[in-house]
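Whatever order the structure lists ligands and atoms in, that order sets their numbers, starting from 1. Nothing fancy with the numbering, it's 1 onward along the sequence.
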Amino acid sequence: MEKREELYRGKAKSVYKTDDADRLILLFRNDTSAFDGKRIEQLDRKGMVNNKFNAFIMQKLEAAGIPTQFDKLLADNEVLVKKLDMIPVECVVRNYAAGSLVKRLGVEEGMKLNPYTFELFLKDDAKGDPFINESHVVAFGWGTAEQLARMKELSLKVNDVLSKLFDDAGLLLVDFKLEFGVFSDGSIVLGDEFSPDGCRLWDKDTKKKMDKDRFRQGLGDVIEAYEEVARRLGVPL
Ligand code: ADP
Ligand code: UDP
């Protein structure tokens, strides 16, 4: 397997073609962004920690029957994945109120959501990732109703699997964002990454924030918190 030219440079990862038309390499950089890319900083070890964290989680999800992009870890910062035609929609599942939900509805941070909520955002930094609903996805052709139904089904399954996994590690899975794409066989597959950059994790007892909110809110020790989560889960770093 040979690494070929860069296809795309995102805010946190670079995407490379390979000699296999069905595979890409994701390179996790140390760049850390917030507020739709308006603030970017380099954090030592972040690329390596998120790459290994993501590989660990994707393999847990595969084992639970969720189709993911994961193929194999290639290096500290690189992973081989299935090449997907990404659906430009972010699926957000929330178990507790935080972030934009608190701002939008004025509810108290930490309020238990019963049942969980499922939200969609258009992946478009220039427009500030606007909140959308299912009819927008279909009407504007970002995905079909069937694809959307599958994305929702898989998102809720991810929530079941990971809520338990984090709970066993003494952490609350507050919310998370997933991105899906279409593989060459037409199936919907989980893409992008699952790491503390794209979810909220709080210590169950102290409610200490252990995710990217430490960066967004200037709380410090960002990567130290990611490493602590990895240690509790048993992710080999
Ligand atoms: P962003 O685009 O939000 O700045 P990243 O820096 O994480 O994000 O860049 C990674 C890009 O690669 C994203 O646009 C993401 O949708 C895309 N991507 C992630 N996984 C895959 C995949 N398996 N196949 C194709 N594209 C992918
Ligand atoms: N999220 C993400 N990328 C985005 C927007 C949100 O990974 O572009 C994640 C975020 O880390 C959180 C969840 O999705 O775990 C819900 O985010 P929210 O809508 O509360 O927005 P935020 O306040 O993070 O901007």
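- A donor atom on one side chain and an acceptor atom on the other are not found under 3.5 Å apart for Glu41 and Thr32.
- Of all protein heavy atoms, the one closest to atom 25 (C) of ligand 1 is Leu84 O, 3.2 Å.
- For the ligand labelled ligand 2, residue Glu90 lies inside the 4.0 Å heavy-atom shell.
- Taking a 6.0 Å sphere around NZ of Lys72, one finds it holds 12 or fewer heavy atoms contributed by other residues, nucleotides or ligands.
- Each of the atoms 12 (C), 15 (O), 16 (C), 17 (O), 18 (P), 20 (O), 22 (P), 23 (O), 24 (O) of ligand 2 lies under 4.0 Å from some heavy atom of Arg200.
- With Lys157 contributing its side chain and Leu61 its backbone, the two residues share no donor-acceptor pair below 3.5 Å.
- Residue Lys123 places a heavy atom under 4.0 Å from ligand 1.
- Without hydrogens or angle criteria, Glu78 side chain to Ala75 main chain gives no donor-acceptor distance under 3.5 Å.
- Close approach of ligand 2 to Cys199 is summarised as follows: ligand atoms under 4.0 Å from at least one heavy atom of the residue are 11 (O), 15 (O).
- At a heavy-atom cutoff of 4.0 Å, ligand 2 is contacted by the side chain of Arg94 but not by its backbone.
- Distance from atom 26 (N) of ligand 1 to its nearest protein heavy atom, with residue and atom name: Met86 CG, 3.4 Å.
- Every N/O-N/O distance between Leu24 and ligand 1 stays at or above 3.5 Å.
- Annotation for Asp168: atom CG counts as buried by contact number, over 12 foreign heavy atoms lying within 6.0 Å.
- Within a 6.0 Å sphere centred on NZ of Lys152, heavy atoms belonging to other residues, nucleotides or ligands number 12 at most.
- For ligand 2 and Gly99, the ligand atoms under 4.0 Å from any heavy atom of the residue are 20 (O), 23 (O).
- Judged by distance alone, with hydrogens and angles left aside, the side-chain atoms of Glu5 form no donor-acceptor pair with the main-chain N or O of Lys17 at under 3.5 Å.
- Clustering ILVMFWY residues whenever any of their side-chain heavy atoms sit less than 4.5 angstrom apart, transitively, puts Ile57 in the very cluster that holds Val93.
- Under the 4.0 Å criterion applied to side-chain N and carboxylate O atoms, Arg200 and Asp211 are not assigned as salt-bridge partners.
- Near Lys82, the atoms of ligand 1 lying under 4.0 angstrom from a non-hydrogen atom of the residue are 22 (C), 23 (N), 24 (N).
- For atom 4 (O) of ligand 1, the closest heavy atom belonging to the protein is Lys11 N, 2.6 Å.
- Ring geometry, Tyr96 versus Trp202: the interplanar angle falls from 30° to 60°, so the pair is classed tilted.
- Ligand 2 is never approached by Asp211 to a heavy-atom distance shorter than 4.0 Å.
- Residue Lys112 qualifies as enclosed at atom NZ: its count of foreign heavy atoms under 6.0 Å is above 12.
- Every heavy atom of Lys123 sits 4.0 Å or more from the atoms of ligand 2.
- Near Val81, meaning under 4.0 Å from one of its heavy atoms, ligand 1 places the atoms 23 (N).
- Each of the following atoms of ligand 2 lies closer than 4.0 Å to a heavy atom of Asp129: 8 (O).
- Closest to atom 1 (N) of ligand 2, if we only count protein heavy atoms, is Lys177 CB, 3.7 Å.
- Of the protein's non-hydrogen atoms, the one nearest atom 12 (O) of ligand 1 is Val15 CG2, 3.4 Å.
- Of all protein heavy atoms, the one lying nearest to atom 25 (O) of ligand 2 is Arg216 NE, 4.7 Å.
- Residues Asn133 and Ser135 bring a donor and an acceptor atom of their side chains to less than 3.5 Å of each other.
- The neighbour count for Phe118 CZ, taken as heavy atoms of other residues, nucleotides or ligands under 6.0 Å away, is above 12.
- By the criterion of a heavy-atom distance under 4.0 Å, the side chain of Val92, and not its backbone, is placed next to ligand 2.
- No more than 12 heavy atoms of other residues, nucleotides or ligands sit less than 6.0 Å from atom CD of Glu108.
- Near Asp197, meaning under 4.0 Å from one of its heavy atoms, ligand 2 places the atoms 7 (O), 11 (O).
- The protein heavy-atom contact nearest to atom 11 (C) of ligand 1 is Tyr8 CE2, 3.5 Å.
- Trp142 and Phe140 have tilted rings, their planes meeting at an angle from 30° to 60° on a 0 to 90° scale.
- Donor-acceptor pairing under 3.5 Å is lacking for the side chains of Asp20 and Thr18.
- Residue Ser100 has at least one heavy-atom neighbour below 4.0 Å for each of these atoms of ligand 2: 18 (P), 19 (O), 20 (O), 21 (O), 23 (O).
- The distance criterion of under 3.5 Å between nitrogen or oxygen atoms is not met by Glu119 with respect to ligand 2.
- Summary of contacts: the protein heavy atom closest to atom 15 (C) of ligand 1 is Asp192 OD1, 3.5 Å.
- Checking only distances, Glu193 never comes within under 3.5 Å of ligand 1, N or O to N or O.
- For atom 7 (O) of ligand 1, the closest non-hydrogen atom of the protein is Lys13 NZ, 2.5 Å.
- Nearest protein neighbour of atom 16 (O) of ligand 1, counting heavy atoms only, is Glu179 OE1, 2.9 Å.
- Between Asp175 and ligand 2, at least one pair of N/O atoms sits closer than 3.5 Å.
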